[in-house]
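To start, the structure under review is shown below, and the notes come after it.
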Number of protein chains: 2
Amino acid sequence: MSAEQPDMPELKIESGSGLQTNVEPLQLGKRLREIRQSLSLTLEEASQKTGLARSTLSKIENEQISPTFTAVQKLANGLQIDIPQLFAKPRSTMASGRRVLTKSGEGTPHPTSTYEHELLSTDLARKKMVPFKTRVRARSFDDFGDWVRHEGEEFLLVLEGELALYTEFYEPVAMVAGDSMYYDANMGHALVSLSEKDALVLWVVAR
Amino acid sequence: MSAEQPDMPELKIESGSGLQTNVEPLQLGKRLREIRQSLSLTLEEASQKTGLARSTLSKIENEQISPTFTAVQKLANGLQIDIPQLFAKPRSTMASGRRVLTKSGEGTPHPTSTYEHELLSTDLARKKMVPFKTRVRARSFDDFGDWVRHEGEEFLLVLEGELALYTEFYEPVAMVAGDSMYYDANMGHALVSLSEKDALVLWVVAR
DNA sequence: CAATAAATTAGCATATAGGAAATATTTCCC
DNA sequence: GGGAAATATTTCCTATATGCTAATTTATTG
């Protein structure tokens with residue numbers, strides 16, 4: 001174990017939960033108006049559903065007043081929206097009704113010193129999962145780098161060959177084709193091919 | 001296409017973002033106190049960082065008053081917390097530092113009329129992904145059931161054999177070992193083995 | 001237990017949110 | 001375009017949150 005976290009393809013998943021330094025002011029009123037209108041409710045109807053006065057709603061939507069938290073709760077309850085969702089910036093998701101085929105060997109290559117990654121389904125943005133095949137070249141134990149470690153969870157299926165999965169806190173485990181492992185990716189992990197030949201694995205990462 | 005959505009193993013992923021019917025009242029004050037204390041800030045310090053008066057902070061934490069949304073914003077800014085996170089119920093996640101090995105063939109069987117699923121990593125709760133291997137028995141086109149359709153995204157890798165993936169809105173596509181597909185699982189989908197033999201696929205579902 | 005820090009409460013002043021009704025604006029139909 | 005109905009905004013009053021200062025209570029710590 002020596003250097004820095006190497007070897008993993010860069011993950012491009014929008015988190016949607018990072019620290020929000022409030023660069024954009026979060027227009028609560030605007031947001032609420034959008035929601036109310038998307039429900040095609042009049043202020044009067046919204047008023048009845050929430051128990052807040054028409055005038056109050058109007059003022060809130062026009063950012064003339066800053067609603068009390070109880071008011072926000074009444075709003076959320078009455079309009080059937082949940083509060084986190086109210087403040088979360090619109091979650092960026094994969095385009096619906098999309099599919100992408102990756103023929104064998106036609107993924108995006110991403111070689112590193114010890115692994116040969118082949119990223120799959122790369123032309124589909126904002127996926128929840130990042131799948132890739134990895135060829136683990138035969139190598140000696142000593143050039144074992146530092147732990148790989150990152151946010152999220154990881155699933156690993158051995159497609160060909162034999163290898164050892166090293167994970168922090170555990171004994172290394174030998175795996176052969178067909179074996180699979182699911183683990184917390186924050187925990188350091190690394191793969192070593194055990195046989196003379198390269199090993200091939202499928203990896204799926206989710207943040 | 002005929003019956004009802006069949007054949008998929010039941011997914012057990014906590015959503016953490018469903019409609020929140022506010023069964024539990026969401027103790028904002030308590031939450032804020034926890035956060036402040038976890039930062040080991042005194043009310044005085046928090047007051048300086050947020051620009052809110054000590055007494056006000058105290059009252060908010062003790063739920064004696066319902067803070068104005070601007071107050072909440074000042075709090076969030078001053079204490080470097082983001083608002084969605086403030087209101088989100090603590091996300092139930094997989095136990096950290098955990099890993100689970102599933103040896104080939106030792107998953108949890110889950111047979112259905114047309115598929116033989118083998119669920120992987122089943123003794124790890126609250127995973128983001130649900131991986132399983134599926135044996136697709138050779139079958140004729142006519143006993144093709146209705147679309148399978150569910151929340152989330154799905155990744156599919158063909159391990160053995162040849163099959164056709166049918167998806168709503170698209171032409172069916174033939175896939176052989178090594179080919180993979182990533183798609184929106186809300187879109188109807190179904191697999192048919194093309195050859196005489198069964199086909200084997202790996203599936204990973206994320207909500 | 002004493003000494004100190006931290007938190008809560010109290011009292012009062014002020015700013016501002018919430019509710020009811022009046023006013024303005026928009027929508028829509030003729 | 002004019003007028004009526006629907007919808008939204010504003011006004012005015014009341015309720016309540018916020019800030020300040022200081023007193024009291026409750027931890028902390030030596």
Side-chain angles (χ1 to χ4, degrees), chain A residues 20-22 24-88 90, chain B residues 20-90:
Chain A
Q20 158 178 331
T21 345
N22 260 31
E24 37 170 325
L26 175 50
Q27 307 280 43
L28 183 55
K30 221 171 139 202
R31 224 58 189 80
L32 285 170
R33 168 156 294 171
E34 284 170 9
I35 294 176
R36 177 177 63 83
Q37 290 181 337
S38 77
L39 267 42
S40 56
L41 293 175
T42 134
L43 280 181
E44 173 58 27
E45 295 164 324
S47 166
Q48 292 174 349
K49 283 186 186 295
T50 60
L52 294 168
R54 275 198 311 285
S55 59
T56 305
L57 292 176
S58 172
K59 290 178 210 160
I60 292 176
E61 290 189 353
N62 291 300
E63 325 246 346
Q64 295 176 10
I65 65 179
S66 169
T68 281
F69 180 65
T70 49
V72 174
Q73 277 181 310
K74 288 183 188 172
L75 261 163
N77 275 326
L79 268 45
Q80 287 287 95
I81 52 189
D82 76 344
I83 298 184
Q85 180 179 314
L86 190 61
F87 299 119
Chain B
Q20 156 178 333
T21 346
N22 259 31
V23 179
E24 37 171 324
L26 176 50
Q27 307 279 42
L28 183 56
K30 221 173 138 201
R31 253 345 239 97
L32 286 170
R33 165 154 299 170
E34 284 169 7
I35 294 176
R36 177 177 62 82
Q37 290 182 336
S38 77
L39 267 43
S40 57
L41 293 176
T42 144
L43 281 180
E44 174 57 30
E45 293 164 326
S47 166
Q48 291 175 349
K49 283 186 185 298
T50 60
L52 294 168
R54 273 197 310 285
S55 59
T56 304
L57 291 176
S58 174
K59 289 179 208 157
I60 291 176
E61 289 190 354
N62 291 299
E63 325 248 345
Q64 294 175 10
I65 63 178
S66 170
T68 282
F69 181 66
T70 49
V72 174
Q73 277 181 312
K74 288 183 189 171
L75 262 162
N77 274 327
L79 301 186
Q80 287 288 94
I81 53 188
D82 76 343
I83 298 184
Q85 180 178 314
L86 191 60
F87 298 119
K89 40 190 64 159

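Just so you know, these numbers come straight off a predicted model, no measurement behind them. The basis for the numbers below is simple: all heavy atoms, side chains too, and nothing from hydrogens, waters or symmetry mates. Every chain is numbered from 1, with letters handed out A, B, ... down the list of sequences.
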Notebook entry, point to check: Heavy atom of residues 47-60 of chain A under 4.0 Å from DNA chain D: which residues?
Noted result: A:Ser55, A:Ser58, A:Lys59
Check: Are any non-hydrogen side-chain atoms of A:Phe87 and A:Val72 less than 4.5 angstrom apart?
Finding: yes
Item checked: Difference in axis direction between the ends of the helix from C:dC1-D:dG30 to C:dC30-D:dG1, five pairs, 10° -> 50°
Next item on the list: When you get a sec, tell me which of D:dT9, C:dT8, C:dA17 is the closest nucleotide to the side chain of A:Leu43?
Entry: D:dT9
Check: Rounding to a whole Å, what distance do you find between B:Glu44:CD and D:dC20:C1'?
Finding: 13 Å
Check: Just how far is it from atom CG of A:Leu43 to atom CG of A:Leu52, taken to the nearest 0.5 Å?
Finding: 11.0 Å
Margin query: Among residues at least two apart in sequence or on other chains, which ones pass side-chain contact (heavy atoms from CB on, under 4.5 Å) with B:Ile35?
Written below: B:Arg31, B:Ile81, B:Leu86
Check: Roughly how many Å is it from CD1 in B:Ile65 to P in C:dT9, rounded to a whole number?
Finding: 12 Å
Notebook entry, point to check: Can you tell me how far P of C:dT9 sits from CD of B:Glu63, to the nearest Å?
Noted result: 13 Å
Notebook entry, point to check: Which atoms form the tightest heavy-atom contact between A:Arg33 and A:Asn62, and what is the distance?
Noted result: NH1-OD1, 3.5 Å
Check: Looking only at side-chain N and O atoms, does A:Thr42 come under 4.0 Å of OP1 or OP2 in D:dA8?
Finding: yes
Note to self: Are B:Pro67 and B:Leu75 packed together at the side-chain level, in the sense that at least one heavy-atom pair is separated by less than 4.5 angstrom?
What the structure shows: no
Note to self: Please find the pair of heavy atoms, one from B:Lys74 and one from B:Thr50, that lie closest to each other, and give the distance.
What the structure shows: CB-O, 3.6 Å
Checklist line | Heavy-atom pair of closest approach, residues A:Gln73 and A:Ile83 | finding: CG-CD1, 4.0 Å
Margin query: In whole Å, I'd like the distance from the NZ atom of B:Lys74 to the P atom of C:dA15.
Written below: 13 Å
Margin query: Please enumerate all residues that pass salt bridge (Lys or Arg N to Asp or Glu O under 4.0 Å) together with B:Glu44, with sequence neighbours excluded.
Written below: B:Arg54
Notebook entry, point to check: What nucleic acid atoms does B:Gln64 come within less than 4.0 Å of, heavy atoms only: base, sugar-phosphate, or nothing?
Noted result: sugar-phosphate
Next item on the list: Grab the CD-C1' distance between A:Gln37 and C:dT26 for me, whole Å please.
Entry: 13 Å
Next item on the list: May I have the distance from B:Glu61 (atom CD) to C:dA6 (atom P), rounded to whole angstrom?
Entry: 14 Å
Notebook entry, point to check: A:Asn62 side chain N/O closer than 4.0 Å to the phosphate oxygens (OP1, OP2) of D:dA8?
Noted result: no
Check: In whole Å, what is the span from the CG atom of B:Leu75 to the P atom of D:dG19?
Finding: 10 Å
Item checked: Side-chain N or O of A:Arg36 closer than 4.0 Å to phosphate OP1/OP2 of D:dT7 -> no
Checklist line | Spacing between B:Arg33 atom CZ and C:dA7 atom C1', to the nearest angstrom | finding: 8 Å
Notebook entry, point to check: Nearest 0.5 Å, what's the CD-CG distance between A:Glu61 and A:Leu28?
Noted result: 10.0 Å
Check: In the 5'-to-3' direction, what one-character label does each nucleotide of nucleotides 24-30 of chain D receive under the scheme B = base within less than 4.0 Å of a protein heavy atom, S = sugar-phosphate only, - = no such atom?
Finding: -------
Notebook entry, point to check: Can you find a heavy atom in the side chain of A:Leu39 that is under 4.5 Å from one in the side chain of A:Gln80?
Noted result: no
Note to self: Counting only side-chain nitrogens and oxygens, does B:Thr68 get under 4.0 Å of the OP1 or OP2 atom of C:dT16?
What the structure shows: no
Note to self: Can you list everything that forms a side-chain contact (heavy atoms from CB on, under 4.5 Å) with B:Ser66? Sequence neighbours excluded, please.
What the structure shows: A:Thr68, A:Phe69, A:Thr70
Checklist line | Nearest to side-chain heavy atoms of B:Pro67, which nucleotide of D:dT18, C:dA17, C:dA6 | finding: D:dT18
Next item on the list: Return yes if some donor-acceptor pair links the side-chain N/O of A:Glu45 with the main-chain N/O of A:Thr42 below 3.5 Å, else return no.
Entry: yes
